[in-house]
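Report on the structure given below.
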Amino acid sequence: MPVHRLNHAVLYVSDVERSVAFYRDALGFRTVMSFPGAAFLQAPGSTNDHDLGLFQVGADAKASDAGRGRVGLYHLAWEVDTLAELERVAGTLAEHDALVGASDHGTTKSLYAKDPDGLEFEVVWIIPAELLDDAARSGRSTIRPLDLAKEKARYGADTRGGVGISVPAAN
């Protein structure tokens with residue numbers, strides 16, 4: 001049986017309460033279970049038992065240096081349904097001083113942010129299969145700054161993304 005999708009991720013964090021507050025306030029995650037030093041969060045709209053596990057390692061923990069001389073995970077990516085939602089999330093992440101970048105990868109439109117421990121994550125909208133064209137496909141070979149206004153004008157602010165790619169098409 002092939003892998004179907006990523007079900008959840010687990011992060012080591014310095015302060016679980018601070019991280020829970022961030023993921024709740026910045027991305028709308030809700031706590032489904034917790035105990036001292038750990039919390040399990042579910043993303044809004046998710047059908048997973050949980051999408052993110054957080055385990056506290058304490059304030060003395062050193063920041064991850066993955067990618068700066070060590071192998072390790074670069075980032076996680078969460079998908080949103082519409083460009084309007086991507087724009088809303090961009091504003092919320094900026095309010096939390098967490099937004100560190102926004103990129104157009106051709107078939108995907110992405111925000112990059114860092115949580116309170118400096119762990120990077122991506123929030124992405126994926127062009128639906130029926131709207132993919134040669135320009136979007138060829139755009140995968142470069143990374144350009146994201147122009148959300150241009151993308152909303154092209155695809156529509158409320159067009160549901162990923163249908164046929166990451167969301168099964170309706171029969």
Any pair counted as ring pair (Phe, Tyr, Trp, His ring centres under 6.0 Å), so long as it reaches residues 126-162, sequence neighbours left out: W125-Y155

Y23 and F121 aromatic ring geometry - parallel, tilted or perpendicular at 30°/60° bounds: tilted

Contact list for residues 91-105, test salt bridge (charged side-chain N to carboxylate O under 4.0 Å, His left out), sequence neighbours left out: D104-K109, D104-R144

Gap separating the CG atom of L52 from the OG atom of S19, nearest 0.5 angstrom: 8.5 Å

Partner residues of R154 under the side chain to side chain donor-acceptor pair (under 3.5 Å) criterion, sequence neighbours left out: D133

H105 side chain near I143 side chain, heavy-atom distance below 4.5 Å: yes

Separation between CG of L111 and CG of L146, rounded to the nearest 0.5 Å: 6.5 Å

same_hphob_cluster(L41, V16) at 4.5 Å side-chain heavy-atom cutoff: yes

Test side chain to side chain donor-acceptor pair (under 3.5 Å) applied to R137 - qualifying residues, sequence neighbours left out: none

Spacing of CG belonging to N48 relative to CG belonging to L6, to within rounding of 0.5 Å: 8.0 Å

N/O donor-acceptor pair under 3.5 Å between D117 side chain and S14 backbone: yes

Cluster check V10, L54: I/L/V/M/F/W/Y, side chain < 4.5 angstrom: no

Straight-line distance of L93 CG to D115 CG, nearest 0.5 Å: 11.0 Å

All pairs passing ring pair (Phe, Tyr, Trp, His ring centres under 6.0 Å) where residues 41-68 contributes a residue, at least two apart: H8-H50, F40-H50, F40-F55

Main-chain N/O of Y74 paired with E120 side-chain donor or acceptor, under 3.5 Å: no

Partners meeting side chain to side chain donor-acceptor pair (under 3.5 Å) with K114 (sequence neighbours left out): none

